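In what follows, every heavy atom counts, from backbone to side chain, and hydrogens, waters and symmetry copies are set aside. Please read these numbers as outputs of a predicted model, since none were measured by experiment.
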Amino acid sequence: MEPLPSGLVLVLVLCVAGSVQGQPPGVKERYEEFLRQHIRSSMTVNKCTGVIGYLKLTEPDGKTCKAVNTFIKASKDQVKQICTSGTVVGNLVQSAQTFPLIICKYSGGKPYHPYCEYRGFADTRYIKIACEQGWPVHHGGDIIVV
């Protein structure tokens with residue numbers, strides 16, 4: 001039996017690695033949307049209006065200003081670990097540790113995109129997320145640490 005050409009071996013290795021690292025079908029879009037809306041390690045309280053406007057985050061109708069959006073100041077890998085190491089609470093998983101957050105609340109302007117204005121608040125809280133097949137797909141809230 002002849003050995004496979006080295007280029008073909010590399011392609012096969014990359015395909016296997018990609019399928020291990022990639023999200024399952026049907027989860028990828030929800031995971032990427034979760035990352036887009038909630039994971040931003042460089043977020044600050046002063047960036048709320050600009051970032052939410054740039055990302056075009058709105059209520060489900062696509063035009064009304066989103067009342068609140070929470071940004072988790074962590075890496076996507078740190079948040080993904082919650083799915084396997086957190087505590088299941090109903091249909092959500094609660095983090096075992098606290099995370100730094102920037103919570104952006106609608107504060108004025110015209111009530112529809114792109115005229116929304118936000119005020120940001122920094123806090124550290126436990127977070128709850130929905131996971132599908134080990135991947136975070138929805139921010140389900142947070143718990144204030146007292």
Under 3.5 Å, sequence neighbours excluded: what are the donor-acceptor pairs made by side chains of residues 50-60?
residue, atom, partner, partner atom, Å
Glu59, OE2, Ala67, N, 2.9

A side-chain contact here means heavy atoms from C-beta on lying under 4.5 Å apart; do [X] and [Y] qualify?
| X | Y | result |
| --- | --- | --- |
| Cys83 | Trp135 | no |
| Lys76 | Tyr31 | yes |
| Asp142 | Leu101 | yes |
| His138 | Cys131 | no |
| Val27 | Pro25 | no |
| Lys128 | Val93 | no |
| Ile129 | Leu92 | no |

Can you see which heavy atom on [X] is nearest to which on [Y], and at what distance?
| X | Y | value |
| --- | --- | --- |
| Val79 | Ala74 | CG2-CB, 4.1 Å |
| Gln37 | Phe71 | O-CE2, 3.4 Å |
| Lys73 | Ser41 | CE-O, 3.5 Å |
| Tyr118 | Tyr106 | CD2-N, 3.3 Å |
| His113 | Cys65 | N-SG, 4.3 Å |

For the [atom1] atom of [X] and the [atom2] atom of [Y], what is their distance to the nearest 0.5 Å?
| X | Y | atom1 | atom2 | value |
| --- | --- | --- | --- | --- |
| Ser85 | Gln97 | OG | CD | 6.5 Å |
| Tyr112 | Lys63 | OH | NZ | 10.5 Å |
| Ser75 | Gln81 | OG | CD | 7.5 Å |
| Thr70 | Arg125 | OG1 | CZ | 7.5 Å |

Is any NZ, NE, NH1 or NH2 atom of the basic residue among Glu33 and Arg30 found under 4.0 Å from an Asp or Glu carboxylate oxygen of the other?
no
For the backbone of Cys116 and the side chain of Lys66, can you confirm whether one donor and one acceptor N or O come within less than 3.5 Å of each other?
no
Ser95 side-chain N/O to Thr98 backbone N/O, donor-acceptor pair under 3.5 Å:
no
Parallel, tilted or perpendicular for Phe34 and His38, by the 30°/60° rule?
tilted
Please name all residues satisfying side-chain hydrogen bond (donor to acceptor under 3.5 Å, both in side chains) with Thr87, sequence neighbours left out, ordered by chain then number.
none
State which residues pass side-chain hydrogen bond (donor to acceptor under 3.5 Å, both in side chains) with Thr64; sequence neighbours excluded, sorted by chain then number.
Asp61
Does atom CZ of Phe121 have more than 12 heavy-atom neighbours, drawn from other residues, nucleotides or ligands, at distances under 6.0 Å?
yes
Please enumerate all residues that pass ring-ring contact (aromatic ring centres under 6.0 Å, His included) together with Phe99, with sequence neighbours excluded.
none
Val45, Val68: one ILVMFWY side-chain cluster at the under-4.5 Å cut-off?
no
Side chain to side chain contact (heavy atoms under 4.5 Å, CB included) between Ile102 and Cys104, intermediate numbers included:
CA-CA 6 Å; Ile102 300 295; Cys104 301; 4.0 Å; yes
If the condition is side chain to side chain contact (heavy atoms under 4.5 Å, CB included), which residues does Ser107 pass it with, not counting sequence neighbours?
Glu117, Arg119
Please evaluate residues Met43 and Cys48 with respect to the criterion side chain to side chain contact (heavy atoms under 4.5 Å, CB included), reporting the C-alpha separation (whole Å), side-chain torsions for both, the decisive distance (0.1 Å), and the verdict.
CA-CA 8 Å; Met43 189 65 183; Cys48 284; 4.0 Å; yes
Starting from Val89, walk the hydrophobic network (Ile, Leu, Val, Met, Phe, Trp, Tyr; side-chain heavy atoms closer than 4.5 Å) and list everyone else you reach, by chain and number.
none
